[in-house]
Amino acid sequence: MMNLVKYIAACGAASRRQAETLIKEGKVAVNGILCTNPAHRVADDEKVTLEGRLLQTAEKLWYILLNKPRGYVCSSADTHAEHLALELLAAVPARLVSAGRLDKESQGAIIFSNDGNFINRLAHPRYGVLKTYIVRTKNELKDEDLKKISSGITDNGELLKAESIRAIGKKCYEVILNEGKKREIRRLTAACGAPTVQLTRVKIGSVELGELPEGRFRELTAEEVAELLGANDV
């Protein structure tokens with residue numbers, strides 16, 4: 001048996017956080033009875049439905065690395081978005097969820113899977129899966145700006161902080177994040193008077209974007225999946 005949140009995640013229907021919200025919103029039923037308790041225990045022979053759709057544990061688990069182009073939104077559904085990143089994964093016969101987000105203006109590496117536990121591990125900062133970005137800014141960041149970004153800057157009451165940042169060219173920087181709060185890099189550089197003009201995620205944990213063409217995807221190797229699951233194991 002497992003709790004309802006974990007069961008939904010294991011079916012690849014949503015991340016654990018999303019599953020908890022869906023349950024509390026009254027969109028989940030167990031054996032035809034509405035259940036709003038995320039901790040409810042589910043047995044193997046019970047039927048769980050999400051908005052009337054029967055959930056089943058995935059027969060094949062998919063682990064996909066996508067090189068997301070600018071202009072694509074990572075949400076599962078967004079009526080205001082012209083393009084969804086999932087459109088680029090239409091050839092994969094599974095309901096996929098992204099591990100975290102890349103905003104519409106950003107590009108590069110993002111991982112999708114129908115393994116809810118895997119997605120939760122990649123997205124949660126406690127597991128220490130670091131993300132590496134190449135960032136180009138409108139203005140040069142001074143040495144004191146780099147120190148501020150590494151030590152932390154408060155923006156709208158929220159502490160923003162990079163694990164590390166270093167210059168790799170003129171107005172070009174390598175930035176490593178752990179948690180990756182909403183538009184964190186853009187907010188950090190803007191606070192230093194150097195708005196971000198291009199942001200590319202090039203690495204997630206040990207998985208590198210490499211030569212993967214923009215708009216294309218590939219399956220992760222078994223070794224890559226194992227390394228991501230083992231990152232800073234707790």
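Formation of a donor-acceptor pair under 3.5 Å by the S98 side chain with backbone atoms of G100 is found in this model. Remark: the backbone N or O of N117 is not paired with any side-chain donor or acceptor of N120 at under 3.5 angstrom. For the pair K68 (side chain) and Y72 (backbone), a donor-acceptor distance under 3.5 Å is present. Side-chain atoms of S113 come within 3.5 Å of backbone atoms of D115 as a donor-acceptor pair (strictly under, hydrogens ignored). At distances below 3.5 Å, not a single donor-acceptor pair connects side-chain atoms of N114 with backbone N or O atoms of A94. Remark: the backbone N or O of P195 is not paired with any side-chain donor or acceptor of N139 at under 3.5 angstrom.
A single hydrophobic cluster is not seen to contain both L130 and I185; linkage of ILVMFWY side chains at heavy-atom distances under 4.5 Å, directly or through other members, places them apart. Linking ILVMFWY residues whenever their side-chain heavy atoms come closer than 4.5 Å, directly or via other members, leaves I168 and L141 in distinct clusters. By the criterion of side-chain heavy atoms lying less than 4.5 angstrom apart, applied directly or through intervening Ile, Leu, Val, Met, Phe, Trp or Tyr residues, V5 is grouped together with L50 in one hydrophobic cluster. Transitive grouping of hydrophobic side chains (ILVMFWY, heavy atoms separated by less than 4.5 Å) brings L220 and L61 into a common cluster. Note on Y133 and V197: separate hydrophobic clusters, where clusters join Ile, Leu, Val, Met, Phe, Trp and Tyr whose side-chain heavy atoms are under 4.5 Å apart, directly or indirectly.
The line from CD1 of I110 to CG of L209 is 11.5 Å long, rounded to the nearest 0.5 Å. Annotation: the span from S151 atom OG to L159 atom CG amounts to 9.0 Å, rounded to 0.5 Å. Between the CG atom in L177 and the CD1 atom in I165 there is a gap of 9.5 Å [rounded to 0.5 Å]. A distance of 13.5 Å separates CG of L22 from CZ of R17, quoted to the nearest 0.5 Å. Atom CG of L102 is separated from atom SG of C74 by 5.5 Å, given to the nearest 0.5 angstrom. Annotation: the span from K161 atom NZ to I149 atom CD1 amounts to 12.0 Å, rounded to 0.5 Å.
The minimum heavy-atom distance between V175 and A162, with the atom names listed, is CG1-CB, 3.9 Å. Shown here for G26 and T36, the closest heavy-atom pair between the two residues is CA-CG2, 4.1 Å. Nearest heavy-atom pair across L65 and A109 is CD1-CB, 3.8 Å. Between L4 and C35, the shortest heavy-atom distance links the atoms CD2-SG, 3.8 Å. Taking each heavy atom of C192 and I153 in turn, the nearest pair found is SG-CD1, 3.8 Å. In this structure, V129 and K131 approach most closely via the heavy-atom pair O-NZ, 3.0 Å.
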**Message:** Before you tell me yes or no, could you show the steps for C172 and V135 under side-chain contact (heavy atoms from CB on, under 4.5 Å), namely the whole-Å CA-CA distance, both residues' side-chain angles and the distance that decides it to 0.1 Å?
**Reply:** CA-CA 6 Å; C172 185; V135 182; over 6 Å; no

**Asked** Should E82 and R70 be marked as a salt bridge (charged side-chain N to carboxylate O under 4.0 Å, His left out) after you check the CA-CA gap, both sets of side-chain angles, and the distance that decides it?
**Response** CA-CA 12 Å; E82 287 188 38; R70 295 178 69 176; over 6 Å; no

**Prompt:** T49 and V28: side-chain contact (heavy atoms from CB on, under 4.5 Å), yes or no, with the steps?
**Reply:** CA-CA 6 Å; T49 55; V28 177; over 6 Å; no

**Request:** Go through the steps for Q107 and Q198 under the test side-chain contact (heavy atoms from CB on, under 4.5 Å), then give the verdict.
**Result:** CA-CA 8 Å; Q107 60 199 57; Q198 185 178 28; 3.5 Å; yes

**Request:** Show your working on side-chain contact (heavy atoms from CB on, under 4.5 Å) between L228 and R121 and close with a plain yes or no.
**Result:** CA-CA 8 Å; L228 289 171; R121 192 172 184 97; over 6 Å; no

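I111 is listed as a side-chain neighbour of L122, based on a closest heavy-atom distance under 4.5 Å.
Partner F118 forms a ring pair (Phe, Tyr, Trp, His ring centres under 6.0 Å) with one of Y63, F112, W62 and no other, that one being Y63.
Residue pairs meeting the salt bridge (charged side-chain N to carboxylate O under 4.0 Å, His left out) criterion with at least one partner in residues 167-193, sequence neighbours excluded, are D103-R183, D103-R186, E105-R183, E140-K170, D155-R187, E158-R187, R166-E174. Screening residues 209-218 for salt bridge (charged side-chain N to carboxylate O under 4.0 Å, His left out) gives R218-E224 as the qualifying pairs, with residues at least two apart or on separate chains.
Taking K24 as the reference, E20 meet the salt bridge (Lys or Arg N to Asp or Glu O under 4.0 Å) condition, with sequence neighbours excluded. For R95, the side-chain contact (heavy atoms from CB on, under 4.5 Å) criterion is met by A13, R53, not counting sequence neighbours. Applying the ring pair (Phe, Tyr, Trp, His ring centres under 6.0 Å) criterion to F217, with sequence neighbours excluded, gives no partner residue. By the salt bridge (Lys or Arg N to Asp or Glu O under 4.0 Å) test, E163 is found to be paired with no residue, residues two or more places apart in sequence or in another chain being considered.
For the residue pair T137 / T189, no side-chain donor-acceptor distance below 3.5 Å is found, with atom types taken as modelled.
Contact check on K27 versus E25 returns a salt bridge, with a Lys/Arg side-chain nitrogen under 4.0 Å from an Asp/Glu carboxylate oxygen.
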